[in-house]
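The structure appears below as structure tokens.
For the numbers below, each heavy atom of this structure counts, side chains included, while hydrogens, waters and symmetry mates do not.
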Amino acid sequence: MIVRRPRDRDTGGTPGAETDAVHDDATAARRAESSEPAGRAESAESAEPTKTPGTPEPSEPPESAEPSEPAGSDETAESSVPAGGAAAGGVEAGGIGPVPERLLRPALWLLLGIAAVVLLVAARELPWLGGGVTETRLTGRELLRGLPLPALVAGALLLVVFVASVTLCVATDARLPGAALGAAVLTLYAAPVALGREPEAVGGAFYTETAGFLAEAAGLDGPGPLLRWAPLVLQLLCLVPLWALLAKAAGDRVSWQGRWGVLYLAAVAGWVWRAELAPLAPPLLLLLGLAALLLSLRRPVPASTPDGTEHHPHRTRPNGTSRD
């Protein structure tokens with residue numbers, strides 16, 4: 001704003017001096033307006049903290065520049081993985097993997113059927129009990145010499161199927177190993193009979209009287225057949241509760257292969273000492289059956305929680321309500 005001063009004639013001022021004063025006032029106003037933003041900038045700079053010489057300035061981390069990936073890079077990476085990678089992972093995690101499992105089990109069932117057919121065909125050429133009955137014990141060498149070669153090959157094939165079903169198959173299905181072991185054990189017990197060896201009769205007054213009573217009830221000629229064949233049948237039946245005991249008592253402490261190994265050893269030992277174990281077959285079967293029944297009725301042990309307290313499973317009624 002320019003202020004014009006009236007001419008002071010008394011002071012003796014000149015016209016040039018009045019013009020200079022007006023010019024000076026305008027110049028001062030313009031300097032005041034131009035110096036205001038500069039002062040603000042200086043005040044802002046003075047508000048910043050003073051920096052000590054030699055102190056490194058904190059550097060802001062540079063923004064991570066993510067490289068732009070071309071479209072389809074994920075598909076390229078996935079396609080670069082070999083097709084057998086997933087299968088190899090399955091082999092390391094669970095044996096031979098799920099894909100060969102679908103081919104292995106049918107192949108083992110086929111081999112089991114072929115071995116059974118070969119045994120039946122080879123057994124027709126053996127004398128059985130019609131070629132002369134003898135009660136002398138049959139040794140292992142006599143068994144190998146008396147059986148034909150196809151029967152020996154079929155018996156070995158049964159053992160191969162049993163071992164493969166226990167060790168190679170991932171699924172814990174008892175049907176295939178049970179069928180293979182059952183066929184092998186039946187072949188062992190039937191081999192002496194096929195070669196004309198009749199089992200010895202069990203002695204003892206209790207067995208004789210019991211067998212006589214059962215023979216009269218069944219209409220048999222005498223207790224002789226029961227005293228000869230019943231102990232062998234009972235010995236074979238002992239393997240069933242023994243497997244149940246191994247599954248219940250051992251649990252996770254014995255592996256799947258270990259259970260079948262124990263059952264196989266028990267079957268072979270029962271065949272080797274079948275004459276000595278014949279009198280013990282009935283009470284042994286009774287004891288194994290009762291033990292398996294008691295273990296099946298036993299309540300599971302409650303699992304302990306990390307804080308030391310026992311965790312009981314939540315029990316519900318059929319209608320869904322809690323029993324606790």
Note to self: Test side-chain contact (heavy atoms from CB on, under 4.5 Å) on Arg259 and Tyr264; report intermediate values, then the result.
What the structure shows: CA-CA 9 Å; Arg259 299 176 198 173; Tyr264 172 77; over 6 Å; no

Note to self: Does any part of the side chain of Val262, heavy atoms only, come nearer than 4.5 Å to the side chain of Leu246, both counted from C-beta?
What the structure shows: yes

Note to self: Using the side chain to side chain contact (heavy atoms under 4.5 Å, CB included) criterion, which residues pair with Leu293? Sequence neighbours excluded.
What the structure shows: Ser296, Leu297

Note to self: List the residues meeting side chain to side chain contact (heavy atoms under 4.5 Å, CB included) with Ala244, not counting sequence neighbours, and say none if there are none.
What the structure shows: Ala292

Next item on the list: State the CG-OG1 distance between Leu226 and Thr208, to the nearest 0.5 angstrom.
Entry: 11.0 Å

Margin query: Using the rule that Ile, Leu, Val, Met, Phe, Trp and Tyr join whenever any side-chain heavy atoms are under 4.5 Å apart, tell me whether Leu236 and Trp273 fall into a single cluster.
Written below: yes

Margin query: Under the side chain to side chain donor-acceptor pair (under 3.5 Å) definition, can you give me all pairs with a residue in residues 179-190, not counting sequence neighbours?
Written below: Tyr189-Gln235

Next item on the list: Establish whether Leu186 and Val117 are linked, either directly or via other cluster members, by ILVMFWY side-chain heavy-atom contacts under 4.5 Å.
Entry: no

Check: What pairs meet the salt bridge (charged side-chain N to carboxylate O under 4.0 Å, His left out) rule with one or both residues in residues 104-123, with sequence neighbours excluded?
Finding: Glu101-Arg105, Arg105-Asp173

Item checked: Minimum heavy-atom distance between Pro279 and Ala275, given as atom pair plus value -> CD-O, 3.8 Å

Show which side-chain atoms of residues 140-164 pair as donor or acceptor with protein atoms under 3.5 Å away, not counting sequence neighbours.
from   : atom 1 : to     : atom 2 : distance (Å)
Glu142 : OE1    : Thr139 : N      : 3.4

Check: Can Leu265 be reached from Leu242 by stepping across I, L, V, M, F, W or Y side chains whose heavy atoms are under 4.5 Å apart?
Finding: yes

Next item on the list: Taking all heavy atoms of Ala190 and all of Trp128, pick out the closest pair and write down the distance.
Entry: O-CZ3, 4.3 Å

Checklist line | Any residue meeting salt bridge (Lys or Arg N to Asp or Glu O under 4.0 Å) with Glu276, in chain and number order, not counting sequence neighbours | finding: Arg137

Notebook entry, point to check: When rounded to the nearest 0.5 angstrom, what is the spacing between CG in Leu239 and CG in Leu181?
Noted result: 7.0 Å

Check: Restricting to pairs with a member in residues 230-241, which pass salt bridge (charged side-chain N to carboxylate O under 4.0 Å, His left out), not counting sequence neighbours?
Finding: none

Check: Do Arg228 side-chain atoms and Glu200 backbone N/O form a donor-acceptor pair below 3.5 Å?
Finding: no

Item checked: Non-neighbouring partners of Leu110 that pass side chain to side chain contact (heavy atoms under 4.5 Å, CB included), sequence neighbours left out -> Ile114

Notebook entry, point to check: Going from CG on Leu119 to CZ on Arg124, what distance comes out if it is rounded to the nearest 0.5 angstrom?
Noted result: 14.0 Å

Checklist line | Non-neighbouring partners of Pro192 that pass side chain to side chain contact (heavy atoms under 4.5 Å, CB included), sequence neighbours left out | finding: Leu138, Arg197, Trp271, Arg274

Note to self: Could you list the cluster mates of Val233? Members are the ILVMFWY residues connected by side-chain heavy atoms closer than 4.5 Å, either directly or through other members.
What the structure shows: Leu234, Leu237, Leu285

Note to self: Per the ring pair (Phe, Tyr, Trp, His ring centres under 6.0 Å) rule, what does the pair list look like for residues 192-245, sequence neighbours excluded?
What the structure shows: Trp243-Trp256, Trp243-Trp260

Note to self: According to a hydrophobic-cluster definition based on side-chain heavy atoms being under 4.5 Å apart (Ile, Leu, Val, Met, Phe, Trp, Tyr only), do Leu112 and Leu120 belong together?
What the structure shows: no

Check: Can you list every side chain to side chain donor-acceptor pair (under 3.5 Å) pair that touches residues 156-169, not counting sequence neighbours?
Finding: none

Checklist line | Val202 versus Ala278, closest heavy-atom pair with distance | finding: CG2-CB, 3.8 Å

Note to self: As an exercise, state the distance from SG of Cys238 to CG of Leu284, rounded to the nearest 0.5 Å.
What the structure shows: 4.0 Å

Note to self: In this structure, would Leu280 and Leu232 fall into the same cluster of hydrophobic residues linked by side-chain contacts under 4.5 Å?
What the structure shows: yes

Item checked: Nearest heavy-atom neighbours spanning Leu104 and Cys169 -> CD2-SG, 3.9 Å

Notebook entry, point to check: Nearest 0.5 Å, what's the CG-CG distance between Leu290 and Leu295?
Noted result: 11.0 Å

